[in-house]
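Below: one structure, written as structure tokens.
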Amino acid sequence: MAYRLGMILAALLTLAGCGQGSEQRQWRFALEEIEGSVQHAYAKRFKELVEERTDGKVQVSIYPYGTLGTSAEVTEQVQSGAVQFAFASPGHLGAVVPEAQVFSIHFLFPRDEAATQKVLSSSPTLYGELAAAYREKGLALLGAVQEGWMVWTADRPLRTPADFDGLKIRTMVSPLLLEAYRAYGANPTPMPYGEVYSGLQLNMIDAQVNPVFAIEEMSFYEVQEAMTFADHLPFIATVVSNPAFLGGLPPDLRHLIDQVKAELDGYIFGLQQEYNAKRLERIREQGDIEIVHLSDAERDVFRERARAVRERYVELAGPRGRRILEGLTAELGAD
Ligand code: 6CS
């Protein structure tokens, strides 16, 4: 028995690239999205760059959504060290790291995606105070990636809070997201990503919210009547790793990860814009879904309703959360 356990442990250490004197390393990168997604494009480029620059000494295996479990399960695998890298959307991770819900605050981020990108790449607040909150939960915060504006899909256009009245809108599981949609009068219903299509099809939910590329690749548009663009929130996912794994790496590999992350920031920013634009075209061509963009006056009504939710964020995330919100607000030049 002890022998078998020893064999398993040795195999796992070698797989993670921690074996004494082992030349070959195997890193696992788990996604919350399927093949063809923004996260998949990011991980594929990460794999290419890492394998190329280590002359193949490090091999990266990519695990798309569904192969290792839900977002919550993937996060646990990073915490335990079974997986070395993963995407962790604050919409899910906020249930574990309340401070991460700053990424779920509506109308905080400017409409200029490039301005947000600059802050996400090098924010002292995010890589200082927020990273400390991640660390306390056994996660290393490596990066934050924009994946496009969140778009509401429903059985009707959602132009006013009255349109949200009692609407069963599926959200990710972070408590602040529920607060955000309750503020509009909706009846938010959290559920895992993989259950959204059938939830809509079986009328267990009436609506959902996601960036365009996801609405297309997950076929949500097939079972919805309207898409409403309010530009209320960009979808931002964080890239996480295991602190002990990172701490145990030789300096050259640790440096390589930072270098690759910096290069990927620019790469994925352009690519997500392309993905979202192309797939909106595909949705237009394939379906008869109504596409609505809110006017500034219509947005202002939602912005007003959303304001009080910032206080809820501070209640949920505490004094550090307040500092993160204030720091990020200043860095974004937001009000
Ligand atoms: O809605 C969700 O749960 C998911 N949406 C996207 C676009 N990425 C990951 C996340 O889990």
Side-chain angles (χ1 to χ4, degrees), residues 89-92 94 100-113 115-116 119-120 146-191 196 200 205-215 220-221 224-237 276 280 283 289-317 321 324-326 328-329 332-335:
S89 301
H92 292 292
Q101 297 177 104
V102 74
F103 293 118
S104 298
I105 296 178
H106 292 190
F107 299 101
L108 173 64
F109 294 88
R111 286 177 112 172
D112 177 359
E113 287 182 288
T116 296
V119 172
L120 295 183
Q146 267 182 111
E147 300 191 23
W149 289 104
M150 296 290 261
V151 177
W152 299 323
T153 72
D155 51 358
R156 54 183 182 265
L158 301 169
R159 289 186 179 278
T160 68
D163 294 324
F164 272 93
D165 192 22
L167 186 80
K168 274 189 279 167
I169 184 165
R170 177 270 174 177
T171 62
M172 292 176 275
V173 304
S174 291
L176 197 78
L177 281 173
L178 306 191
E179 301 282 349
Y181 285 98
R182 281 189 195 121
Y184 300 153
N187 176 12
T189 311
M191 65 170 61
V196 178
L200 290 168
I205 45 173
D206 309 312
Q208 68 84 45
V209 49
N210 255 304
V212 172
F213 83 87
I215 292 168
F220 300 152
Y221 69 96
Q224 296 276 256
E225 302 299 323
M227 290 171 75
T228 303
F229 287 74
D231 291 359
H232 62 291
L233 185 70
F235 184 95
I236 295 170
N276 282 303
L280 185 58
I283 291 174
I289 195 162
E290 188 179 348
I291 297 176
V292 171
H293 290 263
L294 294 194
S295 67
D296 286 348
E298 286 169 330
R299 284 181 85 235
D300 284 347
V301 177
F302 286 106
R303 179 200 289 277
E304 207 46 52
R305 289 273 187 122
R307 200 73 210 182
V309 180
R310 295 193 191 190
E311 271 316 304
R312 278 299 289 145
Y313 168 74
V314 172
E315 283 166 29
L316 291 167
I324 291 171
L325 176 57
E326 288 173 356
L328 193 60
T329 303
L332 289 167
D335 58 7

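Please read these numbers as outputs of a predicted model, since none were measured by experiment. Note that the numbering runs from 1 along the sequence shown for the chain.
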Notebook entry, point to check: Which heavy-atom pair separates P211 from M150 by the least distance, and what is that distance?
Noted result: CD-SD, 3.7 Å
Check: Donor-acceptor pair, D206 side chain versus K168 backbone, under 3.5 Å?
Finding: yes
Check: Quick one: are L328 and F109 in side-chain contact, heavy atoms under 4.5 Å?
Finding: yes
Margin query: Working to the nearest 0.5 angstrom, can you tell me the gap between W149 CH2 and E113 CD?
Written below: 6.5 Å
Check: Once you round to the nearest 0.5 Å, how far does CE of M227 lie from CD1 of I283?
Finding: 4.0 Å
Next item on the list: Among F302, W152, Y184, find the one that has a ring pair (Phe, Tyr, Trp, His ring centres under 6.0 Å) with H106.
Entry: Y184
Check: Do R303 and D300 pass the side-chain contact (heavy atoms from CB on, under 4.5 Å) test, and can you show the C-alpha distance, the side-chain angles, and the key distance before you say yes or no?
Finding: CA-CA 5 Å; R303 179 200 289 277; D300 284 347; 3.7 Å; yes
Check: Donor-acceptor pair, D163 side chain versus T160 backbone, under 3.5 Å?
Finding: yes
Checklist line | Interatomic distance, Y181 atom OH to T171 atom OG1 [nearest 0.5 angstrom] | finding: 8.0 Å
Check: What distance separates R182 CZ from L176 CG, expressed to the nearest 0.5 Å?
Finding: 10.5 Å
Next item on the list: Please report the shortest heavy-atom distance between M172 and F235, naming the atom on each side.
Entry: CE-CE1, 3.6 Å
Margin query: Please determine whether the number of non-hydrogen atoms from other residues, nucleotides or ligands lying under 6.0 Å from atom CD of E315 exceeds 12.
Written below: yes
Check: Distance from R156 atom CZ to Q224 atom CD, nearest 0.5 Å?
Finding: 10.5 Å
Next item on the list: Would you check if the side chain of N276 reaches a backbone N or O of F213 as a donor-acceptor pair within less than 3.5 Å?
Entry: yes
Notebook entry, point to check: Can you tell me if S174 uses its side chain to pair, donor with acceptor, with the backbone of P90 under 3.5 Å?
Noted result: yes
Notebook entry, point to check: Can any side-chain N or O of R170 pair as donor or acceptor with the backbone N or O of M191 at less than 3.5 Å?
Noted result: yes
Notebook entry, point to check: With distance as the sole test, does R159 use its side chain to make a donor-acceptor pair with the main-chain N or O of E298 at under 3.5 Å?
Noted result: no
Note to self: Quick check for you: to the nearest 0.5 Å, what is the distance between Q208 atom CD and L200 atom CG?
What the structure shows: 6.0 Å
